[in-house]
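Per chain, numbering begins at 1; letters A, B, ... match sequence-line order.
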2 protein chains.
Amino acid sequence: MNEELLIGFGQHVRTLRQKLEISQEELAANCGLDRTYISGIERGKRNVSLINIFRLAEALGSTPSALLDFSFGVTNE
Amino acid sequence: MNEELLIGFGQHVRTLRQKLEISQEELAANCGLDRTYISGIERGKRNVSLINIFRLAEALGSTPSALLDFSFGVTNE
DNA sequence: ATGTGACTAGGAGTCCGTT
DNA sequence: AAACGGACTCCTAGTCACA
C-alpha cells in the first residue's frame, strides 16, 4: 500500500534528522520548507515531490538516492 | 536550478525505458500512468511525486534509489 | 518543539485530440 | 511511436491557528 511507503520514507527522514541532532524547525529552515510541512512528511502524511526530495536530501547531508533507500512493509501483494 | 533536475530525471527515465526497448505507452500501461504524462516526465516538464517514483522504478525493473541516482548539470549556486 | 486539521493556489495526473 | 495542446479533476505545496 502507498501509505506504508510514505510512512517508511517519513521515518527514514526522521532518523536522518535525529542523527544530525537538529529539530524539525532547523531542518525546515535548512531546506526552505515549512516546519509543519516537515512534520507532515515525517508522519507519512505527505506525498513529497521530486524537487522537495532533492532539497531534503541536501539539507540532511545525504543524497536523493540514499533518501529513497529504505525498507517499508510491503503489504503490497 | 530545478528545471535541470527534472530534465536530468526525465533523461534517466528515458534511458532506462529504452534499455527495455519499450514504448512510452507500454511503460505507461505498466505503471498505471497516462501516456502523455510519461512524455511530460521524460521531457522534464513534470515534478513527479514519491509514490509515482516508486511506480516508475518498479515498471522499469529498477529501484527508487537507482532511479534518483543520476547526474544533472548543477547550474545551481 | 511537535502534532494536527483545514485551507487556497497551483500543479499533478487524465483524457481528448492534432501534428 | 512520440511531442504537444486544451480542458478537466483531484491532489500537493505551502501556510495558518491551535491542541
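- Contacts of Gly32(B) with the nucleic acid, taken as non-hydrogen atoms under 4.0 Å apart, involve only primed sugar atoms and P, OP1 or OP2.
- For Asn52(B), a side-chain nitrogen or oxygen approaches OP1 or OP2 of dG13(C) to under 4.0 Å.
- One finds a side-chain N or O of Tyr37(A) lying less than 4.0 angstrom from the OP1 or OP2 phosphate oxygen of dA13(D).
- Proximity of Asn47(B) to the phosphate of dA12(C): a side-chain N or O atom is located under 4.0 Å from OP1 or OP2.
- If you check every strand for non-hydrogen atoms under 4.0 Å, Ile38(A) touches nothing.
- The interatomic distance linking Glu42(A) (CD) with dA1(C) (P) rounds to 14 Å, in whole Å.
- Comparing dT15(D), dG17(C), dG3(C) against the side chain of Asp34(A) picks out dT15(D) as the nearest.
- Contact check, Arg17(B) against dA2(D): a side-chain N or O comes under 4.0 Å of OP1 or OP2.
- With Glu26(B) contributing its side chain and Ser23(B) its backbone, the two residues share a donor-acceptor pair below 3.5 Å.
- For the residue pair His12(B) and Asp69(B), the shortest heavy atom distance occurs at CE1-O, 3.7 Å.
- For Arg43(A) and Ser39(A), the side-chain atoms include at least one donor-acceptor pair closer than 3.5 Å.
- The closest side-chain donor-acceptor pair between Gln24(B) and Glu42(B) falls under 3.5 angstrom.
- Side-chain atoms of Arg55(B) come within 3.5 Å of backbone atoms of Cys31(B) as a donor-acceptor pair (strictly under, hydrogens ignored).
- As rounded to whole Å, 14 Å separates atom C1' of dT2(C) from atom CD1 of Ile22(A).
- In this structure, Leu6(B) places its CG atom 12 Å from P of dG13(C), rounding to the nearest Å.
- A sub-4.0 Å separation between OP1 or OP2 of dT4(C) and a side-chain N or O of Arg43(A) is present.
- Counting any heavy atom pair closer than 4.0 Å across all strands shown, Glu25(B) reaches sugar-phosphate atoms only and no base atom.
- Listed for the Arg17(A) side chain is a donor-acceptor partner under 3.5 Å among the backbone atoms of Ile22(A).
- Listed nucleotides: dA1(D), dA1(C), dC15(C). Nearest to the side chain of Ser23(B): dA1(D).
- Position along DNA chain C of the nearest nucleotide to Thr36(B) versus Lys45(B) favours Lys45(B) as the more 5'-ward residue.
- If you take CD of Glu3(A) and P of dT12(D), they are 12 Å apart, rounded to a whole angstrom.
- In this structure, Leu27(B) places its CG atom 12 Å from P of dA3(D), rounding to the nearest Å.
- Applying the 4.0 Å criterion to OP1 and OP2 of dG13(C), one finds that Ser49(B) has a side-chain N or O inside that range.
- Nearest to the side chain of Arg55(A), among dT14(C), dG14(D), dT2(C), sits dG14(D).
- One can place CD1 of Ile51(B) at 14 Å from C1' of dC10(D), the figure rounded to the nearest angstrom.
- At dA2(D), none of the side-chain N or O atoms of Ser39(B) fall inside 4.0 Å of OP1 or OP2 (strictly under the cut-off).
- One atom, CD of Gln18(B), and another, P of dA1(D), lie 13 Å apart when rounded to the nearest Å.
- Picking from dC15(C), dT4(C), dA2(D) the nucleotide with the shortest atom distance to the side chain of Arg14(B) gives dA2(D).
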